[in-house]
Amino acid sequence: MVRTDVTDLIPRPGRTTEEGAGFFELRPRVRLVAGEGTARTERWLRGTLGAATGLSLPPGGAGDEDVIRLDIDPEVTADLGEEGYRLAVTPSGVHLSGGGPAGLFWGAQTLRQLLGPDAFRRAPLPGRRWRLPLTRVQDSPRFRWRGLMLDVSRHFMPKDGVLRYLDLLAAHKLNVFHFHLTDDQGWRVQIKRYPKLTEVGSWRARTKFGHRASPLWEEKPHGGFYTQDDIREIVAYAAERHISVVPEIDIPGHSQAAIAAYPELGNTDVIDTTSLSVWDTWGVSKNVLAPTDNVLRFYEGVFEELLELFPADPTGSLPFSAFVHVGGDECAKDQWRQSPAAQARVKELGLADEDELQSWFIRHFDNWLSARGRRLIGWDEILEGGLAKGAAVSSWRGYQGGITAARAGHDVVMCPEQQVYLDHRQDAGEDEPVPIGYVRTLEDVYRFEPVPPQLDEAEARHVIGTQANLWTEVMESHARVDYQAFPRLAAFAEVAWSALPAPAERDFADFERRMAVHYRRLDALGVAYRPPAGPLPWQRRPGVLGRPIDGEPPNV
Ligand code: ACM
């Protein structure tokens with residue numbers, strides 16, 4: 001059995017004190033005393049820790065000994081904020097106090113780590129004892145938005161896999177799941193008024209295997225989508241774990257799957273859109289939405305259903321649930337330049353060019369979402385034409401978009417492709433499966449700094465957080481997703497949560513030491529991470545072309 005102590009936690013907590021060499025053991029009689037506002041964590045402890053340990057954790061009363069006590073403490077709220085917590089393990093039990101329900105939940109994640117790697121299994125191993133080191137922890141996050149984006153368009157991840165990823169986010173104290181639901185290669189969310197989006201748009205006949213320059217094809221249909229009830233389940237499962245789900249419907253580019261389903265959405269005066277199918281290879285498709293009123297009305301219909309599926313949380317415990325991501329990246333302008341209808345639109349609106357046409361498109365939905373009490377977020381290209389007040393930006397083409405946005409008073413999520421695109425290979429070695437993009441090692445991610453030094457203090461406050469992105473062109477299975485995400489997502493989680501020093505001063509050796517324990521947790525969770533010594537034989541993809549030119553992202 002691996003003994004965990006308080007110095008092994010990931011992400012590293014704010015302050016810890018060891019209280020001697022003893023321990024508190026969770027025995028079958030241990031009870032759960034749950035105060036007001038603690039119901040979600042109470043359910044999670046019984047369900048998840050209960051399954052791992054075999055303990056039933058019956059409810060206890062105020063006077064009981066041998067307890068796990070949960071409460072929301074206004075003093076913790078005042079000192080550490082809603083997401084902060086204090087954890088005390090003493091000889092008579094565990095006392096976990098949250099600044100709010102979310103803080104309490106993050107504290108429960110710390111408690112699970114302290115129980116040792118076997119607490120990450122789904123059933124108890126025979127003879128295990130559940131000992132907690134005597135300790136005090138005081139902790140709160142550096143950033144409010146701690147996200148992961150998952151692209152389920154390029155390769156579909158069935159619902160069970162998504163729920164599993166939500167558990168993995170929770171275990172790393174990440175609280176935003178950016179759900180990239182549509183792209184050229186597949187439409188993944190049921191929209192009842194437009195059934196062909198999924199009947200036609202959710203699958204393709206074959207798929208490029210490797211980088212788009214690879215000659216290989218996977219000659220079988222690929223597809224899948226989430227029903228509206230699947231989405232509701234995913235959103236509720238995330239909410240139980242204090243994770244906001246931010247859905248993305250990408251417009252006006254990255255829309256070929258939608259155009260294949262409804263050809264009238266495309267630039268019909270330039271190409272015969274009835275001949276288009278869901279795209280089966282990678283890159284940036286030239287088939288983009290037409291800038292017509294009909295297209296705006298169509299997408300208003302899509303967003304109407306989406307807002308119902310992804311409600312803004314009225315209690316405020318899911319701070320980012322009001323956001324809707326509209327993409328806005330990489331909209332090829334070739335067809336708009338050639339289209340008489342698009343050109344007439346540019347003239348009619350008094351716009352300078354096609355770039356302004358794209359801004360007009362995004363601004364329409366910015367206003368539309370604001371009028372419904374929601375907030376738009378988009379990739380940094382959306383900045384180019386000026387945005388409404390509440391809109392936020394995902395800065396992906398390096399830091400610059402984020403710097404410009406913060407200076408203009410917009411909130412920013414830092415996710416520069418040069419640092420935190422986890423589809424990019426994590427080692428320069430020949431064995432990396434389908435290597436694309438930059439080489440970004442575990443240490444590189446650990447030394448990623450979300451706030452650029454160019455920003456002054458007031459501007460830096462607009463950096464509401466950071467996010468790692470997983471584009472899945474070369475990840476055909478959940479094991480491939482795991483391989484790209486882990487272990488780097490653990491380093492990313494520490495960057496997002498912990499108050500680390502400047503990048504050069506970060507103690508990577510200590511992080512690696514803690515990772516030795518964390519790998520055992522990931523093993524217990526069944527995560528197919530990249531081992532420190534390199535890929536296992538079955539994790540390699542010999543002969544499948546990546547893009548082994550450092551410095552170039554995969555789409556280009
Ligand atoms: C992006 O990587 N196209 C946002």
**Complete:** Residue set satisfying side chain to side chain contact (heavy atoms under 4.5 Å, CB included) with P503, at least two apart, ordered chain then number -> R447, E449, R506

**Distance flag, aromatic centroids of F303 and F365, threshold under 6.0 Å** = yes

**Request:** For H155, check ring-ring contact (aromatic ring centres under 6.0 Å, His included) against everything at least two apart and list the hits.
**Result:** H222, W282

**Prompt:** Listed by chain and number, what are the salt bridge (Lys or Arg N to Asp or Glu O under 4.0 Å) partners of E248, not counting sequence neighbours?
**Reply:** none

**Item:** Identified side chain to side chain donor-acceptor pair (under 3.5 Å) partner of Q426 from the options R530, R488, E443
**Value:** R488

**Message:** Centroid separation under 6.0 Å, is that true for the rings of H178 and H325?
**Reply:** yes

**Asked** Only one of H180, E417, H424 forms a side chain to side chain contact (heavy atoms under 4.5 Å, CB included) with W471, so which one is it?
**Response** H180

**Asked** OG1 of T7 to CZ of R12: how many Å apart, nearest 0.5 Å?
**Response** 11.5 Å

**Non-neighbouring partners of H478 that pass side chain to side chain contact (heavy atoms under 4.5 Å, CB included), sequence neighbours left out** = M157, R164, D482

**Item:** Any residue meeting side-chain hydrogen bond (donor to acceptor under 3.5 Å, both in side chains) with Y399, in chain and number order, not counting sequence neighbours
**Value:** none

**Message:** Quick check on salt bridge (charged side-chain N to carboxylate O under 4.0 Å, His left out): which of E476, E430, E432 does R541 satisfy it with?
**Reply:** E476

**Prompt:** Are the ring centres of Y519 and Y529 closer than 6.0 Å?
**Reply:** yes

**Message:** Less than 6.0 angstrom separating the ring centers of Y165 and F179, yes or no?
**Reply:** no

**Message:** Under the rule for salt bridge (Lys or Arg N to Asp or Glu O under 4.0 Å), what residues qualify as partners of R144, not counting sequence neighbours?
**Reply:** none

